[in-house]
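A short worksheet on the structure shown next.
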Protein chains: 2
Amino acid sequence: MTEAAKPAPRKLRADAKRNRDAILLVAREAFTRSGMDIAEVSLDDIAKQAGIGSGTLYRHFANRDELLEAVYLAEVQRLAETADIFDQTLPPIEAVRRWMLLFIDYIATKKIIAPALNNVAGGPQRIFANTGTLIYGAIGKLVNRAIAMGEMRADVQSVDLLKALVGVSYLANTPDWHETATRLVDILLLGSRP
Amino acid sequence: MTEAAKPAPRKLRADAKRNRDAILLVAREAFTRSGMDIAEVSLDDIAKQAGIGSGTLYRHFANRDELLEAVYLAEVQRLAETADIFDQTLPPIEAVRRWMLLFIDYIATKKIIAPALNNVAGGPQRIFANTGTLIYGAIGKLVNRAIAMGEMRADVQSVDLLKALVGVSYLANTPDWHETATRLVDILLLGSRP
DNA sequence: CGTAAAACGGAGAGTGTCTCCGCTTAGGAG
DNA sequence: CTCCTAAGCGGAGACACTCTCCGTTTTACG
């Protein structure tokens, strides 16, 4: 479960797996470096840098979005798993806060990046199905518990909070970004109390 | 001031102005129709539909972003002016709430669209200077008054709220979008109180 | 081994951005 | 009204990127 190299249950041939991993490695590096504006990175370039033909890249990942999702799937899974842990070890509100801060931290440290999230939260019409479900499930669980324990208003929707967070993630370029984000977490939590 | 067709003080030749307006008209229509995913619309297509050569389009607007900003500048100006009115006619918190809701409404009715805002709030590295300053100034003024009157905590930053709002704007495709947005406004305001 | 299925790779078709520069047109001077 | 000049036009084409197609190579298994 910690291994992210096997998203499809179907087993790959040795050379296929090798290439897939090489692509993922190069792509992560390239996406991270380009920060925002993921569209700047050419997929053919990634293929070239990974030492494979572009046809091979496109057989593994049909388009930019699929590649993007695959690159960040592992980290998103980790984020989702941490939600479970927080859920079982921390008081409700604190669990939500900590998870939100962790989420922000993932972005700050580029373990995940905003453009991979834009789409995640239901954004444009793309279909980041896996990633979206994972993240949505994670915060949903935490918020629901907080509501059940009467520590959040029943009308609070976890999506609302998530979307606000994703929005803020979009400006990881300003120097005071991290403060902005944590300030917003506080505002959101305060505003969600009964 | 209500006229948005003269952003540059330099006076245009008659044919130039005619073309510029034609481009803006077609572009607005095209951007609105394409909803999200503005990148889908080809600039050369816009030129063709406006009945001009692509060279002409590119002389007026050097790239997609410049065109995008020009198209929505007028509405953004109106939004900014409304902030002034609210500022003078409504109690502080109410002014902020009403403006935020108006902002959401502009998005819901496509008077402005999210992608034109992504960048606005300092998002990616683009330089939506005019638009950004206008919107930022509008909400900044309202929030500052609310703080001065002791109705919001002094540590609340208007940017924080704005960014959260922009984030939510990104999902104008889900059916319950409007509710989500208004719910978030309430959470933000509640969480901003002293 | 031998062979079928899986995977590779890169040429090239299709599309989009943006530039360049010879031609056209507006609009002021006389 | 006419002429002249600078502002503006337009579209061919250079360049970049995405994605497909298919002949060639590689893997894995009997």
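Letters go in sequence order (proteins before strands), and every chain restarts at 1.
Salt bridge annotation for A:Arg145-A:Asp87: present, with a cationic side-chain nitrogen under 4.0 angstrom from a carboxylate oxygen. The existence of a salt bridge linking A:Arg78 and A:Glu81 is excluded, since no basic side-chain nitrogen approaches an acidic carboxylate oxygen closer than 4.0 Å.
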Find every protein N or O atom lying less than 3.5 Å from an N or O atom of nucleotides 27-30 of chain D, and list the pairs.
unit_1, atom_1, unit_2, atom_2, d
D:dT27, O4', A:Arg13, NE, 3.3
D:dA28, OP1, A:Ala14, N, 2.9

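Comparing D:dC9, C:dT17, C:dC8 by their nearest atom to the side chain of A:Arg59 picks out C:dC8. Of all nucleotides listed (D:dT18, D:dC9, C:dT17), D:dC9 comes nearest to the side chain of B:Asn19.
Atom-to-atom, CG of A:Leu57 to C1' of D:dT20 comes out at 13 Å; the value is rounded to the nearest Å. Taking atom NZ on A:Lys48 and atom P on D:dC19, their separation rounds to 16 Å, with Å as the unit. Atom CG in A:Leu67 sits about 16 Å away from atom P in D:dC17, given to the nearest Å. Atom CD1 of A:Ile52 and atom P of C:dC8 are 7 Å apart (whole Å). Distance, B:Ile46 CD1 to C:dC18 P: 12 Å, rounded to whole Å. With rounding to whole Å, B:Leu43 atom CG is found 21 Å from D:dC15 atom P. Straight-line distance from the OH atom of A:Tyr58 to the C1' atom of C:dA6: 21 Å, rounded to whole Å. Between the C1' atom of C:dT19 and the NE2 atom of B:His60 lies a distance of 16 Å, rounded to the nearest Å.
In the hydrophobic clustering of this structure, A:Val76 groups with A:Leu102; members are Ile, Leu, Val, Met, Phe, Trp, Tyr whose side-chain heavy atoms approach within less than 4.5 Å, directly or through other members.
Considering B:Lys17, B:Arg18, B:Arg13 in turn, B:Arg13 is the only one that fulfils the salt bridge (charged side-chain N to carboxylate O under 4.0 Å, His left out) rule with B:Asp15. Put simply, the residue from A:Leu57, A:Ile52, A:Leu12 that forms a side-chain contact (heavy atoms from CB on, under 4.5 Å) with A:Arg20 is A:Leu12.
Looking at heavy-atom distances under 4.0 Å, A:Ser54 makes contact with a base. Contact annotation for B:Ser42: backbone-only contact, meaning every heavy-atom pair under 4.0 Å involves sugar-phosphate atoms and none involves a base.
Toward the 5′ end of DNA chain C lies the nearest nucleotide of A:Gly55, the other residue of the pair A:Gly55 and B:Asp45 mapping further downstream.
No N or O donor and acceptor, one from the side chain of B:Asn63 and one from the base of C:dC18, sit under 3.5 Å apart.
You'll find the side chain of B:Arg193 stays beyond 4.5 Å of the side chain of B:Met152, heavy atoms only.
Between B:Ser34 and B:Glu40, the side chains place no donor N or O within less than 3.5 Å of an acceptor N or O (distance only, hydrogens not considered).
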